[in-house]
Structure formats: structure tokens, C-alpha cells
Amino acid sequence: MTDVHLRLEGELTIYTAQDTRQRLLQALATEPGPDVVRLDLRAVTETDTAGIQLLLAARGHAMARGGELRFAGMAPNVEAAIRLLGLEDTFRDALDDPPPGIADDAMGLHDAGLASTA
């Protein structure tokens, strides 16, 4: 099983989406493709819909290659954007550990059998 770990820092917005997209695609393009791409989003300071679209696209690309996209951690602003867009169910299974301070069921985590690390 091959894992790729990426830490995203700063903005995950329309202004940074292209550079971040290239970084993600490069990680996903290795042969054989990674089984799991883990994104650490704890240092993301700002998120907009372009950033969330990027996460959706990366998830779809990983799944198309038989892999999966997982989140090793998530900044509160990313979690809030996901919730605002109604994408909790889409990303629920991608969380390795819920962000500290986030209620167990904030993104349906209680139902997924995950517990808060706060």
C-alpha cells in the first residue's frame, strides 16, 4: 500500500487553486498511483468554493484510479466551507481524525464511528 502525504498551507482559494491543483495532480499521477493521498489541511488559513472544488476534483481523480483521498487534519475554515456547501456526506469518510474542537457529529463523524481528538 502506497501513501502520499501532502500538507497544504495558507489560502485554498481561487488565487492558489491552480498551483495547488498541479501539486495534487503530480502526487496522484505517480505509477502505480498511490492507494491513499493524505492531505493535512490544518494550516489552511482561508477557503473558498474554488478550494472546495479542488478537493472534490482530487477526490474524484483518486477514486477513478482506484485510490482514495483522506484528510489527516482540517482547519475550522475548511470544515465550515464544507458544511456551508452541504458536502458533509461527501467528505465524511475522508477524515482520518476530526479537527480538535469539532463536535463528534459536526460532520456526521459520530455515525462513522470516529471520535474527536480534542
Side-chain angles (χ1 to χ4, degrees):
M1 177 181 217
T2 58
D3 283 17
V4 172
H5 300 267
L6 294 173
R7 179 179 170 88
L8 301 183
E9 299 176 341
E11 294 181 10
L12 187 56
T13 66
I14 193 168
Y15 303 110
T16 62
Q18 185 60 27
D19 289 337
T20 305
R21 180 180 180 275
Q22 292 302 319
R23 193 171 162 202
L24 288 172
L25 288 178
Q26 184 178 14
L28 291 166
T30 59
E31 290 297 335
D35 296 314
V36 178
V37 174
R38 277 191 170 58
L39 294 181
D40 182 343
L41 303 173
R42 289 176 284 199
V44 172
T45 58
E46 184 179 348
T47 309
D48 66 10
T49 55
I52 300 301
Q53 286 177 324
L54 180 63
L55 297 177
L56 286 167
R59 180 179 175 269
H61 189 76
M63 291 173 69
R65 294 191 58 160
E68 62 181 303
L69 180 73
R70 310 250 338 137
F71 300 128
M74 186 179 296
N77 68 75
V78 177
E79 189 268 336
I82 288 171
R83 201 168 350 143
L84 179 67
L85 295 168
L87 296 171
E88 300 94 335
D89 289 340
T90 302
F91 288 117
R92 176 184 0 179
D93 294 336
L95 287 173
D96 281 347
D97 292 309
I102 302 295
D104 289 348
D105 59 355
M107 291 185 63
L109 299 176
H110 186 70
D111 295 339
L114 301 175
S116 176
T117 59

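Hydrogens, waters and symmetry mates are skipped; everything else that's a heavy atom, side chains included, is used. Residue numbers start at 1 and run along the sequence shown.
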Under 3.5 Å, side chain of Asp40 to main-chain N/O of His5, donor-acceptor pair present? no
Is there a continuous path of hydrophobic side-chain contacts, each under 4.5 Å between heavy atoms, that joins Ile14 to Ile52? no
Hey, does His61 have a side-chain heavy atom less than 4.5 Å from the side chain of Leu24? no
Crowded around Glu9 CD? As in, over 12 foreign heavy atoms under 6.0 Å? yes
Minimum heavy-atom separation for Ala62 and Leu69, please, with both atom names. CB-N, 4.1 Å
For the hydrophobic clusters of this structure (ILVMFWY residues joined by side-chain heavy atoms under 4.5 Å, transitively), does one cluster hold both Leu54 and Tyr15? no
Would you say that more than 12 heavy atoms from the other residues, nucleotides or ligands in this model lie under 6.0 Å from the CG of Leu25, or not? yes
Assigning hydrophobic clusters by single linkage (Ile, Leu, Val, Met, Phe, Trp, Tyr; side-chain heavy-atom cutoff under 4.5 Å), is Ile82 placed with Leu84? no
Is there a continuous path of hydrophobic side-chain contacts, each under 4.5 Å between heavy atoms, that joins Met63 to Val4? no
Would you find a donor on one side and an acceptor on the other, under 3.5 Å apart, between the side chain of Asp3 and the backbone of Arg38? no
Any side-chain heavy atom of Leu39 sitting closer than 4.5 Å to one from Leu55? yes
What are the two closest non-hydrogen atoms of Glu88 and Arg83, and how far apart are they? OE2-CG, 2.9 Å
Interatomic distance, Met74 atom CE to Leu8 atom CG [nearest 0.5 angstrom]: 11.0 Å
Indicate yes or no: at least one non-hydrogen side-chain atom of Asp19 is less than 4.5 angstrom from one of Gln22. no
In terms of side-chain heavy atoms, does Thr47 have a donor or acceptor partner in Asn77 at a distance below 3.5 Å? yes
If you round to the nearest 0.5 Å, how far is CZ of Arg92 from CG of Leu87? 12.0 Å
How long is the straight-line distance from CZ of Phe71 back to CZ of Arg59, given to the nearest 0.5 Å? 8.5 Å
d(Arg23 CZ, Arg7 CZ) to nearest 0.5 Å is 10.0 Å
Tightest non-hydrogen contact, residues Glu11 and Thr45, listed as N-OG1, 3.6 Å
